[in-house]
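Working notes for the structure below.
This structure is a prediction, so every number in the text was calculated from the model and none was measured. Reminder, nothing fancy here: chain letters follow the sequence lines and each chain counts from 1.
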Amino acid sequence: MKTEPGTYSWEDLVKDKKTVWDGVRNFQARNNIMAMKKGDMVFIYHSNVGKDIVGIAKITKEHFPDPTAEDWAVVEIAPVKKLKKSITLADIKATKKLANMVLVKNSRLSVQPVKEAEFDFIVKMSQE
DNA sequence: GCCAACGTTGGC
DNA sequence: GCCAACGTTGGC
């Protein structure tokens, strides 16, 4: 899940303990929101500023209608942990195994699917 | 600040 | 249903 740190950052999420991920106004992104299950892990990515995956959050409430716009959907997430070392877009592009990530292929999509192998690999990279 | 990529809108 | 025009996102 992408966010501009100037608007809502990982640090804000940690401070809030949990948040409703609203404001999604794209059908593809909405589909991805709806596909998320309680307990699923998600990466939080800072777009524009940093351009890096900074932490892991989890779904604490499955999708329900966006309180700010009925036709759209939101999930509630809570922070799990910050990555020891954030993984930048440049890191991802430079890593063959990750070069096919949606983040690279379709960077504008605000809620993206991450493959299990990609997830695990990024977690591993972040610990080195 | 620029611009490519993408999504949406609206005229036909 | 097509496509041009426009707006937005986000990397550089």
*Where is the tightest heavy-atom contact between A/L103 and A/Q112, given as atom of each residue plus distance?*
N-OE1, 3.0 Å
*Pairs meeting criterion side chain to side chain donor-acceptor pair (under 3.5 Å) with involvement of residues 39-48 of chain A, two or more places apart*: A/E4-A/N48
*asked:* With a 4.5 Å cut-off on side-chain heavy atoms, are A/K51 and A/K2 touching?
replied: no
*Quick one: are A/D120 and A/V123 in side-chain contact, heavy atoms under 4.5 Å?*
no
*Considering residues at least two apart in sequence or located in another chain, which fulfil the side-chain contact (heavy atoms from CB on, under 4.5 Å) criterion with A/T19?*
A/Y8, A/L13, A/W21, A/I77
_Can you build the contact string for nucleotides 2-11 of chain C? Use B for base contact, S for sugar-phosphate-only contact, and - for no protein heavy atom under 4.0 Å._
-----BBBBB
